[in-house]
Amino acid sequence: MSDLIEDWFNDKKLTYHNIWKCNDTQFPEGTWSWVLFFTEAVIDPTYEYGVAGSKEEAVAGIKQTIKHKLESRGLL
């Protein structure tokens with residue numbers, strides 16, 4: 001991933017994200033959920049969310065979402 005994606009992932013002025021293990025019986029054992037909010041004014045104040053099979057997959061999903069959003073705005 002690019003340094004710009006890492007910057008957006010790590011800077012709470014640009015994005016806020018949270019990852020947690022699903023304890024709901026609706027999901028298979030070991031499932032993780034994630035949510036990502038874009039806090040930077042350049043990006044519409046929206047959020048994205050997803051599920052993953054591990055915490056590492058959740059982090060990768062967040063970074064991929066940041067990448068797509070930055071690309072769609074011509075920032076990457």
Side-chain angles (χ1 to χ4, degrees):
M1 293 279 163
S2 80
D3 288 340
L4 185 60
I5 294 169
E6 289 295 324
D7 290 345
W8 278 67
F9 180 81
N10 293 314
D11 190 339
K12 298 299 180 210
K13 292 180 183 175
L14 301 173
T15 63
Y16 171 78
H17 60 272
N18 195 8
I19 301 170
W20 65 96
K21 192 169 186 176
C22 295
N23 295 322
D24 192 325
T25 58
Q26 195 174 29
F27 297 99
E29 180 73 30
T31 301
W32 291 77
S33 292
W34 59 266
V35 65
L36 169 66
F37 295 90
F38 289 94
T39 55
E40 171 57 45
V42 173
I43 302 290
D44 295 332
T46 60
Y47 70 93
E48 303 286 340
Y49 61 92
V51 293
S54 68
K55 191 171 185 178
E56 293 77 20
E57 286 179 19
V59 169
I62 292 169
K63 289 180 180 181
Q64 190 67 27
T65 302
I66 292 170
K67 177 184 175 190
H68 287 303
K69 187 67 84 169
L70 293 177
E71 286 175 342
S72 73
R73 299 293 181 182
L75 299 173
L76 186 60

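Excluded from the calculations below are hydrogen atoms, water molecules and symmetry mates; all remaining heavy atoms, backbone and side chain alike, are included.
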**Prompt:** Between Leu76 and Lys67, what is the shortest heavy-atom contact and its length?
**Reply:** CD2-CG, 3.9 Å
**Request:** Indicate if Tyr47 and Val51 have the same hydrophobic cluster label, given that clusters are the connected sets of ILVMFWY residues with side-chain heavy-atom separations under 4.5 angstrom.
**Result:** no
**Request:** Keeping the roles fixed (side chain from Asp11, backbone from Asp7), state whether a donor-acceptor pair exists under 3.5 Å.
**Result:**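 No: the side chain of Asp11 does not pair with the backbone of Asp7.
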**Prompt:** Is there side-chain contact between Lys63 and Val59, with heavy atoms separated by less than 4.5 Å?
**Reply:**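 Heavy-atom side-chain distance check passes, below 4.5 Å.
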**Prompt:** Would you say the side chain of Glu48 lies within less than 4.5 Å of the side chain of His68, judging by non-hydrogen atoms?
**Reply:**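 No, every pair of side-chain atoms sits at 4.5 Å or beyond.
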**Request:** Just jot down the ring pair (Phe, Tyr, Trp, His ring centres under 6.0 Å) partners of Phe27, sequence neighbours excluded, or say none.
**Result:**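 With sequence neighbours excluded, Phe27 shows a ring pair (Phe, Tyr, Trp, His ring centres under 6.0 Å) to no residue whatsoever.
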**Message:** Counting neighbours of CD on Glu71 that are heavy atoms of other residues, nucleotides or ligands and sit closer than 6.0 Å, is the number greater than 12?
**Reply:**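 Yes, enclosed.
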Using atom types as modelled, flag every donor-acceptor pair under 3.5 Å from a side chain in residues 30-38 to any protein atom, sequence neighbours excluded.
{"residue": "Thr31", "atom": "OG1", "partner": "Pro28", "partner atom": "O", "Å": "2.7"}

**Prompt:** Partners of Glu57 by side chain to side chain contact (heavy atoms under 4.5 Å, CB included), sequence neighbours excluded?
**Reply:**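 Only Ala52, Ser54 meet the side chain to side chain contact (heavy atoms under 4.5 Å, CB included) criterion with Glu57.
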What is the distance from atom [atom1] of [X] to atom [atom2] of [Y], rounded to the nearest 0.5 Å?
{"X": "Thr39", "Y": "Trp8", "atom1": "OG1", "atom2": "CH2", "value": "7.5 Å"}
{"X": "Ile66", "Y": "Lys69", "atom1": "CD1", "atom2": "NZ", "value": "11.0 Å"}
{"X": "Ile5", "Y": "Thr15", "atom1": "CD1", "atom2": "OG1", "value": "11.5 Å"}

List the atom pairs, with distances to 0.1 Å, where a side-chain N or O of residues 16-24 and a protein N or O form a donor-acceptor pair under 3.5 Å, not counting sequence neighbours.
{"residue": "Asp24", "atom": "OD1", "partner": "Gln26", "partner atom": "N", "Å": "2.8"}

